[in-house]
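It should be emphasised that the depicted structure is a prediction, and the values quoted were computed from it without experimental measurement.
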Amino acid sequence: MKYDPSTQKSPLPFSPFKSCTVPRPIGWLSSVSPEGQENLAPYSQWQNLTFDPPMVMFSANQYPDGRRKDTVLNAERTGWFVWNMATYDLREAVNISAMALPPHENEFERAGLTPSYADLHPVPMVAESPVHFECRYLSTHRMRGDSDVGTIDIVFAKVERIHIDEDVLTSDGKLDIPKIKPIARMGYYDYTVVTDTFEMRIPQASEGEADGLAGQPA
């Protein structure tokens, strides 16, 4: 089976596109407007870009009526947002925060979450989450889609401060991923959870190459 998605409808009853690039880390992003309105929302197009310095990106589709997402607008107007690690224990709160609430409603309150505040700008962070990145906005790249909802804002940012709950560290100073149980987005309405990990090292990789793969040593 094959088809051209730009000119043909999927021959399957459900489009397979989002189910092919999986699993996708969740950008559970908190932000605040210049007027002080707090916001929290999950984005399934989120990724780190490089580690020296640490930089990240997320993309946000517009609403069907052409409105841009609050997270994008808040990042552009204040210069900051926070990434909160989405975990299995927090899965229901992540799902609730995806609701399109009226501007006067607070996703933290609706999802029963505790806000704690970032150091570098008064952005609310999910206190129950074990890891946070304070992200300084760099730029937005807009890509036009074939519809208003298909048009995206790609937001780039630099990670200026990292918060880690020491309870989720192993004795040798690594993140205990099976203990944290991060969740990730699949296709359709499906998610997955990381509970098992394994290690592979590239044969004959140089020290510099290894640093690039594993992350710079402290």
Side-chain angles (χ1 to χ4, degrees), residues 22-33 35-48 54 56-60 69-75 78-137 155 157-186 189-197 215:
V22 293
R24 298 190 304 279
I26 295 174
W28 200 17
L29 306 181
S30 50
S31 61
V32 63
S33 73
E35 297 75 31
Q37 182 66 47
E38 298 176 350
N39 185 267
L40 177 66
Y43 293 86
S44 59
Q45 280 81 37
W46 156 270
Q47 192 56 266
N48 64 305
V56 295
M57 60 77 65
F58 74 94
S59 67
K69 294 293 178 65
D70 289 337
T71 307
V72 175
L73 296 174
N74 290 345
T78 69
W80 294 91
F81 63 90
V82 168
W83 171 77
N84 309 272
M85 183 176 281
T87 69
Y88 185 75
D89 288 345
L90 295 170
R91 64 193 184 281
E92 295 299 338
V94 173
N95 198 34
I96 291 171
S97 69
M99 297 173 62
L101 298 178
H104 65 277
E105 288 198 45
N106 186 305
E107 287 86 1
F108 281 83
E109 295 176 0
R110 186 68 174 264
L113 296 168
T114 307
S116 61
Y117 289 87
D119 297 338
L120 304 177
H121 190 80
V123 179
M125 306 188 300
V126 177
E128 292 83 358
S129 177
V131 185
H132 310 90
F133 293 170
E134 295 190 42
C135 302
R136 180 170 59 82
Y137 170 81
V155 176
K158 180 182 176 184
V159 178
E160 298 286 5
R161 186 156 296 177
I162 297 174
H163 303 243
I164 300 174
D165 185 340
E166 294 184 9
D167 288 341
V168 300
L169 296 176
T170 64
S171 59
D172 57 351
K174 295 180 179 179
L175 284 176
D176 191 339
I177 295 299
K179 179 178 181 179
I180 295 171
K181 295 183 176 64
I183 59 173
R185 189 69 192 270
M186 306 289 279
Y189 294 110
D190 298 336
Y191 291 77
T192 189
V193 59
V194 181
T195 56
D196 297 295
T197 65

### Message
Counting C-beta onward and ignoring hydrogens, is there a side-chain heavy-atom pair between Leu29 and Val82 closer than 4.5 Å?
### Response
no

Quiz item: Can you tell if the side chain of Trp46 reaches within under 4.5 Å of the side chain of Arg185, non-hydrogen atoms only?
Solution: no

Main-chain N/O of Thr170 paired with Lys179 side-chain donor or acceptor, under 3.5 Å: no

Smallest heavy-atom separation, Ser31 atom then Thr71 atom, equals OG-CA, 3.9 Å

Here the side-chain hydrogen bond (donor to acceptor under 3.5 Å, both in side chains) pairs for residues 119-133, sequence neighbours left out, are Thr114-Glu128, Asp119-Arg161

* To do: Look only at the side chain of Arg136 and the backbone of Val159, and say whether a donor-acceptor pair between them is shorter than 3.5 Å.
  => no

Separation between CD1 (Ile96) and CG (Leu101), nearest 0.5 Å, reads 9.5 Å

Looking only at heavy atoms, the pair that brings Pro115 and Pro124 closest together is CB-CB, 4.1 Å

Output for pair (Leu90 CG, Asn95 CG), nearest 0.5 Å, gives 12.5 Å

Here the gap from His163 atom NE2 to Trp83 atom CH2, rounded to the nearest 0.5 Å, amounts to 12.0 Å

Taken to the nearest 0.5 Å, the spacing of Lys69 NZ from Asn39 CG works out to 10.0 Å

- Message: Show, in sequence, the C-alpha distance, side-chain angles and deciding distance for Val32 and Asn74, and conclude whether the side chain to side chain contact (heavy atoms under 4.5 Å, CB included) test is met.
- Response: CA-CA 6 Å; Val32 63; Asn74 290 345; 5.7 Å; no

Original post:
Between Asn84 (side chain) and Val126 (backbone), is there a donor-acceptor pair under 3.5 Å?
Top reply: yes

Heavy-atom closest pair (Ser30 atom, Phe108 atom, distance to 0.1 Å) is CB-CZ, 4.1 Å

Q: Specify whether Phe81 and Phe58 have parallel, tilted or perpendicular ring planes, treating 30° as the upper limit for parallel and 60° as the lower limit for perpendicular.
A: perpendicular

Between the CD1 atom in Ile183 and the CG atom in Asp89, the distance rounded to the nearest 0.5 Å is 10.0 Å

Separation between CG (Leu113) and CD (Glu107), nearest 0.5 Å, reads 10.0 Å

*Taking the side chain as C-beta and beyond, is there a heavy-atom pair between Pro182 and Ile177 under 4.5 Å?*
yes

Shortest non-hydrogen pair, Ala86 vs Trp28, comes out as CA-CE3, 4.0 Å

Check for a donor-acceptor pair, side chain of Glu105 on one end and backbone N or O of Arg110 on the other, with a separation under 3.5 Å.
no

Between Ala157 and Cys135, the two heavy atoms sitting closest are CB-CB, 3.9 Å

